[in-house]
Amino acid sequence: MRRARPVSALRKLLRLLLLLAVLAAVAAGAWLWADYQRFADQPLDLGDRERVLEVKLGSSFNQIVNRLRQQRLSRAPRLYWRALAHQMGVLDGLRAGEYAIAQGMTARVLLERMARGLVIQHRFTIVEGWRFAELRAALARDPVLEHRIDTLSDAEIMERLGHIELNPEGRFLPETYAFVRGQDDLAILGRSFLAMQKLLAAEWSGRALPSPLRSPEQMLVLASIVEKETGRPADREHIAGVFLRRLKIGMRLQTDPSVIYGLGSAFNGNLTRLHLGADTPYNTYTRVGLPPTPIALPGRAALHAVAHPAAGDALYFVARGDGSSEFSATLEAHNAAVRKYQLR
């Protein structure tokens, strides 16, 4: 019996050590859990400015975390990020793109946004009245879009869009288009082309009748002229009415923007009588009817004005010099308006 005492003391010591080890493990686990919870719900360290995280297509989860660490957005162990993503059920569901990281955003919120694909939306605006060359130049200047059309001809662009038979002038609806990093200029053109086709079809089917226009194509051409001739929005339907009445009676449109378009690079900014007499397919002083293609990008309002022109008997208009126009029904009244507003 006396020999058993050292064994009993040893057991007690081992039990104590085991208990201490368990307590230490529990304490460490509790600390790790508290630290993990702080990581999950504590704002990321952004410093004094917001950040942008770019996740490239095909990035692995570890690569995403490495990117966060490289940008010093998080010092947390990769294990924490993986555990949180697993807990949220998004470990394999993070999407590529650009993500804005705002002040106060937590790791949990960031992973949720990445799982939902709430990426930064960039914007590109197509302006009413642009020529296709101006649209191409604006696309080429955009610093976010991928550039695929820079080396393509106009015809090749239309071929990529599936409409090689069409001239690109006037075919793209002026709007502001949202896109995400990684999308390209051809995608913007495709969307704006389809938007114009849809709007043109709607305006054509809802147009006021009777009309001298024989096709949606003619509506698009005339709308491009109205777009370039309009100085004040309130005059748009009246200008459309003038041109439609001229078409109806076979009178020449005599619109300067069309002449200028036909001159191309030969136009130096000063339209002269010599220019007005230089015959081109776009010279509406020398030719009856519409030019062969649009001369610019018409907006929604210009298309609607051609579909629903203002009633009246005016066949002429002249700019007053303040953006508005003076409308006349007779040549005599028009000449008087020209003397009043342009020869003074």
Result for salt bridge (charged side-chain N to carboxylate O under 4.0 Å, His left out) between Asp45 and one of Arg51, Arg75, Arg69, Arg72 points to Arg75

Salt bridge (Lys or Arg N to Asp or Glu O under 4.0 Å) with Glu54: which residues, sequence neighbours excluded? Lys56

For a 4.5 angstrom cut-off between non-hydrogen side-chain atoms, does Leu161 reach Leu186? yes

More than 12 heavy atoms of other residues, nucleotides or ligands under 6.0 Å from CZ of Arg191: is that the case? yes

Drop me the distance from Leu194's CG to Lys198's NZ, to the nearest 0.5 angstrom. 10.0 Å

Let me confirm one number: the CZ-CZ distance from Arg287 to Arg252, rounded to the nearest 0.5 Å. 10.5 Å

How about His122 and Glu98: does a side-chain donor come under 3.5 Å of a side-chain acceptor? yes

For Ser211 and Arg207, does a side-chain donor sit closer than 3.5 Å to a side-chain acceptor? no

Are the side chains of Phe179 and Arg123 in touch, meaning some heavy atoms are under 4.5 Å apart? no

Less than 4.5 Å apart, side chain to side chain, heavy atoms only: is that true for Asp185 and Leu189? no

Fit a plane to each ring of His275 and Phe267, take the angle between them on a 0 to 90° scale, and name the class: parallel (under 30°), tilted (30 to 60°) or perpendicular (over 60°). perpendicular

Over all heavy atoms of both residues, which pair between Tyr177 and Ile188 is shortest? Give the atoms and the distance, please. CB-CD1, 4.1 Å

Name each donor-acceptor pair under 3.5 Å that joins a side chain in residues 234-241 to protein atoms two or more places apart or in another chain, with its distance.
{"residue": "Asp235", "atom": "OD1", "partner": "Arg232", "partner atom": "NH2", "Å": "3.1"}
{"residue": "Asp235", "atom": "OD2", "partner": "Ser325", "partner atom": "N", "Å": "2.9"}

For Tyr316, does the six-membered ring have the charged nitrogen or CZ of Arg246 within the cation-pi criterion, i.e. under 6.0 angstrom from the centroid and within 45° of the normal? yes

Under 3.5 Å, is there a donor-acceptor pair linking the side chains of Ser224 and Tyr261? no

Between Phe317 and His334, the two heavy atoms sitting closest are O-CE1, 3.6 Å

I'd like to know if the side chain of Asp150 reaches the main chain of Ala140, judged simply by a donor and an acceptor atom lying under 3.5 Å from each other, with no hydrogens or angles considered. no

If the plane angle is over 60° it's perpendicular, under 30° parallel, otherwise tilted; pick one for Phe193 and His163. tilted

Is Lys228 paired with Asp256 through a side-chain N to carboxylate O contact shorter than 4.0 Å? no

Checking Arg78 against Trp81: charged group under 6.0 Å from the ring centre and within 45 degrees of the axis? no

Between the side chains of Ser60 and Asn62, is a donor N or O closer than 3.5 angstrom to an acceptor N or O? no

To check you understand the geometry: which heavy-atom pair defines the closest contact between Leu276 and Thr286, and what is its length? O-CG2, 3.7 Å

State plainly whether the residues Arg300 and Glu175 are in salt-bridge range, i.e. N to O under 4.0 Å. yes

For Val306 against Leu213, the heavy-atom pair lying closest together: CG1-CD1, 3.5 Å

Shortest non-hydrogen separation from Ile120 to Val180 and the atoms involved: O-CG1, 3.7 Å

